[in-house]
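Whatever order the structure lists ligands and atoms in, that order sets their numbers, starting from 1.
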Amino acid sequence: MTIDFEHLVIGAGISGLGAAHFSARRGHSTLVLEARDRVGGCINSQAFEDQDGFWVESGGHTCFNSYGNLLTILDDLGLTALIQPKLKVGYALWQDGKRRPIRSALHLGEAIRSLPRMFREPKAGRSVADYYSAILGRRNYDDLLRHAFQAVICQPADDYPAEALFRRKPRRKEVIKAFTFPSGLSTIPQAIADQPRIEVRTGQEVERIARTDAGFRVHLADGESIGAARLTLAVPPPVAAALMPEGFEQARAAIDGIGMAEIETLVLVFRAAEVDIKPMAGLIAIEDAFYSSVSRDFLPDPELRGFAFHFRPGALDAEAQIARACATLDLRPDQVLDQARVHNRLPALRAGHAERVAALDAALAGTPLAVTGNWFLGVSIEDALTRSRSEHDRLFGAR
Ligand SMILES: Cc1cc2nc3c(=O)[nH]c(=O)nc-3n(C[C@H](O)[C@H](O)[C@H](O)COP(=O)(O)OP(=O)(O)OC[C@H]3O[C@@H](n4cnc5c(N)ncnc54)[C@H](O)[C@@H]3O)c2cc1C
């Protein structure tokens, strides 16, 4: 069996593109196969052609100076100098049909009384509800934190493992704390994919992978097959489980059954002059059909304002989603200037996830197969890249 590439990556989200970047920088011939017609996965600065390219983030929207692996890639690509600070605008709550300040749901006394527990409460193995109720108080959790966390992960948060939500990372102090790019975060996946030493093929859905003496053979939906010495799966867990080649049954068993949260994202554009509310980062919904909305106000445009609403799947039909989104902005549906719909997916992690990852890693040890994604350390862009980096070191050796 012939080898066409030294490294083949399946999935062109940030996890897969990070994996491709690391191997290509070391001179390995690298191919990335992506099922959709664009790279970036959950990173998508949705641009509106009819609005002069005005864009709104439909997924990931903020990077931080604690994203060390991401910053290394930006340095490699000469992008660090283009980093764009985000205007400091705050989130508000959306509750009972009204926008309210976040402090209206905070029980300050309870928070102050509970806070010392932050230093002694263990986080490992606990759910979000259990851990955060302990350190900030049950009422604060029920009335505020549950909804704030749901807003971040766009799914019910109670049973999510607390460890997978936020992790402290060292900061690079010379870089702006929270940043984007003048054309949005899509700049990052696009720049990685545009490197001459990485080949990216979009619209290529991988159907099956076979283990060969020389590595792997990847079979595409159109009948073509490609050989590679090393392979990285950078797809959601159900896809990784389905694609796991023969001989990797233990790896498949370890990740089989990890769920996904489906998110119906609605992106709306309005004339700035018609939106009569103060600039805001977005809304955290309390018991509504959407989890959160994220605005473009962090990088204001003189003519337009844009908002991405992340809806629970099946909660409202398309028309009702627009009506609900407009209501939160004191606007009418006939004032929508442009719109787009995006299907986002995030992993729905549960108790015992760390044990699943340990079993997967044991099954992969010593093989030329890597598995990466936003379902290992956590869901953030940096968590995904941290996993891609460690899998790269395992496959190609640490530098
Ligand atoms: C609404 C929202 C807001 C967020 N905000 C932030 C934020 O502000 N900051 C932050 O750090 N993180 C944020 N995140 C999280 C972060 O954006 C994601 O976790 C991360 O981008 C996921 O990258 P990934 O490559 O692991 O997965 P994905 O982006 O899901 O990429 C997987 C890719 O695999 C492809 N694929 C699937 N099956 C196949 C197949 N059979 N063959 C070929 N390709 C296939 C998919 O099409 C997709 O492109 C947010 C996420 C969402 C949804």
Taking the side chain as C-beta and beyond, is there a heavy-atom pair between Gln204 and Asp222 under 4.5 Å?
-> yes
Identity and separation of the nearest protein heavy atom to atom 29 (O) of ligand 1 = Cys42 N, 2.8 Å
Of all heavy-atom pairs linking Glu382 and Ser66, the shortest is CG-O, 4.2 Å
Asn374, any N or O under 3.5 Å of ligand 1 N or O = yes
Report yes or no: is the cationic atom of Arg211 (NZ for Lys, CZ for Arg) closer than 6.0 Å to the six-membered ring centre of Phe216, at no more than 45° off its axis?
-> yes
What's the shortest distance from atom 37 (C) of ligand 1 to any protein heavy atom, and which residue and atom give it?
-> Val235 CG1, 3.7 Å
Whether Arg36 side chain and Gly11 backbone form a donor-acceptor pair below 3.5 Å | no
Short N-O contact, Glu174 and Arg172, less than 4.0 angstrom = yes
CG/Leu395 to CD/Glu391 distance, rounded to the nearest 0.5 angstrom?
-> 7.0 Å
Under 4.0 angstrom from ligand 1, any heavy atom of Glu382?
-> no
Report, in ascending order of atom number, the atoms of ligand 1 lying under 4.0 Å from any heavy atom of Gly373.
-> 26 (O)
Roughly how far, to the nearest 0.5 Å, is the CD1 atom of Ile284 from the CG atom of Leu145?
-> 9.5 Å
Heavy-atom nearest neighbour of atom 5 (N) of ligand 1 within options Gly60, Gly16, Ser380 | Gly60
Glu274 atom CD, neighbour heavy-atom count above 12 within 6.0 Å | yes
Phe149/Tyr160 aromatic ring centres below 6.0 Å = no
When only distance counts, is Val206 in polar contact with ligand 1, meaning an N/O pair under 3.5 Å?
-> yes
Would you check whether Ile10 has a nitrogen or oxygen atom less than 3.5 angstrom from a nitrogen or oxygen atom of ligand 1?
-> no
of all protein heavy atoms, closest to atom 38 (N) of ligand 1 is Val239 CG1, 3.6 Å
N/O of Arg345 under 3.5 Å from N/O of ligand 1, yes or no?
-> no
Work out whether the distance between some heavy atom of Tyr67 and some atom of ligand 1 is less than 4.0 Å.
-> yes
What are the atoms of ligand 1, with element, lying closer than 4.0 Å to any heavy atom of Ile43?
-> 21 (O)
For atom 20 (C) of ligand 1, the option (of Val218, Thr202, Ile14) bearing the nearest heavy atom | Ile14
Can you tell me the protein heavy atom closest to atom 52 (C) of ligand 1 and the distance?
-> Leu346 CD1, 3.9 Å
How are the rings of Phe307 and Phe309 set relative to one another: parallel (under 30°), tilted (30 to 60°) or perpendicular (over 60°)?
-> tilted
Who's the nearest protein heavy-atom neighbour of atom 9 (N) of ligand 1, and how far?
-> Thr62 O, 2.9 Å
Should you measure from each heavy atom of Glu205, which atoms of ligand 1 turn up under 4.0 Å away?
-> 41 (N), 42 (N)
Pick from Val379, Leu385, Leu220: the one approaching atom 18 (C) of ligand 1 most closely through a non-hydrogen atom | Val379
Centres of the His61 and Phe298 rings: under 6.0 Å?
-> no
In a check of side chain to side chain donor-acceptor pair (under 3.5 Å) between Ser23 and each of Arg230, Glu6, His7, which one passes?
-> His7
Would you say Arg296 and Val269 make side-chain contact, with heavy atoms under 4.5 Å?
-> no
Heavy-atom nearest neighbour in the protein, as seen from atom 1 (C) of ligand 1, with distance rounded to 0.1 Å | His310 CE1, 3.4 Å
Give the residue and atom name of whichever protein heavy atom lies nearest to atom 32 (C) of ligand 1, and the separation in Å to one decimal.
-> Ala234 O, 3.6 Å
Counting each atom of ligand 1 from 1 as listed, which ones have a heavy atom of His61 under 4.0 Å away?
-> 5 (N), 6 (C), 7 (C), 8 (O)
Aromatic plane relationship, Trp94 with Phe290 - under 30° parallel, 30 to 60° tilted, over 60° perpendicular | tilted
Going by the atom numbers of ligand 1, which of them fall below 4.0 Å from some non-hydrogen atom of Gly41?
-> 29 (O), 49 (O)
At the 4.0 Å heavy-atom cut-off, does Glu34 count as touching ligand 1?
-> yes
For Leu33, the ligand 1 atoms whose distance to one of its heavy atoms is below 4.0 Å | 43 (C), 44 (N)
Atom 44 (N) of ligand 1: closest protein heavy atom, distance to 0.1 Å, is Ala35 N, 3.1 Å
